[in-house]
Amino acid sequence: MSPAVLCALGLAAALAAVMQYSVRAYVPGSLDPGGFTLDNFTALTKPLYARVFLDTIWICFLTAFFALIVGYPLAYALVRAKHVALKSAILVITITPLFLGEVVRTYSWIVVLGNNGFLNTMLLKSGLIDAPFQFMFTRFGVVTALVHVTLPIMVIMLAAALSHIDRDYERAAASLGAGPIRAFVTVTLPLSTPGIIAGVTTAFAWTFSAFATPQLIGGGQVNMVANLVYQLGFASFNFPFAASLSVAGLVLAFAVLALMRAAATPFERIGAQ
Amino acid sequence: MREGSAHPLLRLLGGTTVAAILGFLILPAFVVTLAAFNGKAILSFPPETWSWRWFIKAIAYQDFQAGLHNGLIVTGWASSIALVVGAAFALALDRYRFRLKRTLELVLLSPLVIPHFTIGLGFLILAAQLGFARGYAVIVACHIVLVLPFVLRSVYISLRNLDPRLELAAASLGAPPHRVLTSITLPLLVPGLVSGWLFAAILSFNEFTASLFVTAQRTQTLPVAMYNYVREFADPSMAAISVIYIAGTAMLLIFANAFLGLGKVLNVEHSR
């Protein structure tokens, strides 16, 4: 018991340290913070920072949405595959990226999306385009790589929900004359809403903490909160402001997650019935 | 949807969709493998000449070697400590009622939703305030907190799947509580414990964002070393080390799936 308490206290202390720094003044040229102030939070309302926050939320939404669209069929196939070998293959292919870490996956996407990367070479050779298409340093490139990063966790959450659905409900729908599409839309899909909600909220939270992908693929053109925090901490050594950005990011992430939960409650009831 | 009753066209459409999504998942690994065996330093698809030189260069690169060494130290400690702490707490969660149970659970699971940069920055500031140097201890502490939710989840699910009648049977035959724990509960939990430890180890070894904050030049782990390499150099050594990474991880997971049944551990299939 007590080691778990110790871990919880360590985490709480680390978060408290960030909060404490966020209300301290920045002393240029010094790593130690000055007196207590709220200036850091006033500075957050500047358009430059407000834009990064809005951008971050938008990117998180896009990523969670596309991860859901792409992840659902895969989760369905994983749960309903009849051959053990096929099931194992889908499972291993799906979750391997989860364990590769952000750097390897982001680098791989640079090789795919770069101006002389795989995709552009193929498109140029096929004659579909005359000049390399700009994937790098765009929101499209960043979101593509982030969807790839988030997909495994989305599929795991969806598959967990789908595998808990009693198939007798679908059989009942079929015996009452519903075709496969109708049975899916009116029975399976509503019953899987808890998984959809869990998957979307987790994808959102994970994407919020993305750093390497927006840093390397966004290349300064697409910035998320994490990039700003790092830049302020390690390029300007303005740790108090980096801390206040972190706190604001944390509050914002929690607020959006709470909103999503609240918006999802009516749907959750459909799934519970 | 009765088994096999779906329209053939629908099945074909579904199969194609799933194949396309799997293709999207594999594409980066496939492309990076092509790039790693490219004989030249400049990317071209397909490569004009093939060679192993980037693998040799990557393995010989000092920062990668140091990163691997640091990473193994941090991962070894962090995943093992997280396993013990997580397993004990999962058991307590499943079996006992105690004060602040819900609060403690929420705090320990919160790293799943708290951005890693916030946790990294927190540990960095905390270490500076307490006067710790940026040594291994801070990195290990940070990683324990980050991987604990995964150990907790994995052990907790195996505990839930465990048939309590086995323990009751042992107890009714006269086994004292510690004997029940060591000869019934723990052996039955082995798949959950091993996979929990494996998850923790792989995640800790690959953790990047928080590590970037808490590591120093001397203690940087492999992902941090790789990130610095990508920022400074553009040659395919990074592709080579990515291939080693991907192959190693895929092999570990295939092994884990064959011996532990990942589907059950991840709770995506049921032992009916």
State yes or no: are the ring centers of A/Phe99 and B/Phe205 separated by less than 6.0 Å? no
Considering only heavy atoms, which portion of A/Ala243 lies under 4.5 Å from any heavy atom of chain B: side chain, backbone, both, or neither? both
Counting heavy-atom pairs closer than 4.5 Å to chain A, which one of B/Ile144, B/Val32, B/Ile125 comes out on top? B/Ile125
At a heavy-atom separation under 4.5 Å, does A/Thr202 approach chain B through its side chain, its backbone, both, or neither? neither
Which region of B/Thr17, side chain (C-beta onward) or backbone (N, CA, C, O), has a non-hydrogen atom less than 4.5 Å from a non-hydrogen atom of chain A, or is it both or neither? side chain
Main-chain N/O of A/Phe211 paired to A/Asn227 side chain as donor or acceptor, under 3.5 Å: yes
Side chain from CB out, backbone as N, CA, C, O: work out which of these in A/Leu119 comes under 4.5 Å of a heavy atom of chain B, or both, or neither. neither
Please look at A/Tyr107 and chain B and tell me whether the side chain, the backbone, both or neither of the residue comes under 4.5 angstrom of a heavy atom of that chain. side chain
Quick check on A/Met19 against chain B: is it the side chain, the backbone, both or neither that has a heavy atom closer than 4.5 Å? neither
With chain A, the option among B/Thr209, B/Thr249, B/Ile21 that has the most non-hydrogen atom pairs under 4.5 Å is B/Ile21
What part of A/Pro97 gets closer than 4.5 Å to chain B, counting heavy atoms only: side chain, backbone, both or neither? side chain
Measuring only between side-chain heavy atoms, which start at C-beta, is B/Tyr245 closer than 4.5 Å to B/Pro223? yes
When the 4.5 angstrom heavy-atom criterion is applied to A/Leu100 and chain B, the contacting part is both
Proximity breakdown for A/Leu216 and chain B, heavy-atom pairs closer than 4.5 Å: side chain
Relative to chain A, which segment of B/Ala141 carries a heavy atom at a distance below 4.5 Å: side chain, backbone, both, or neither? neither
If only atom types and distance count, is the side chain of A/Ser209 paired as donor or acceptor with the main-chain N or O of B/His116 below 3.5 Å? yes
CZ (A/Phe208) and OG1 (A/Thr56) are apart, to the nearest 0.5 Å, by 6.0 Å
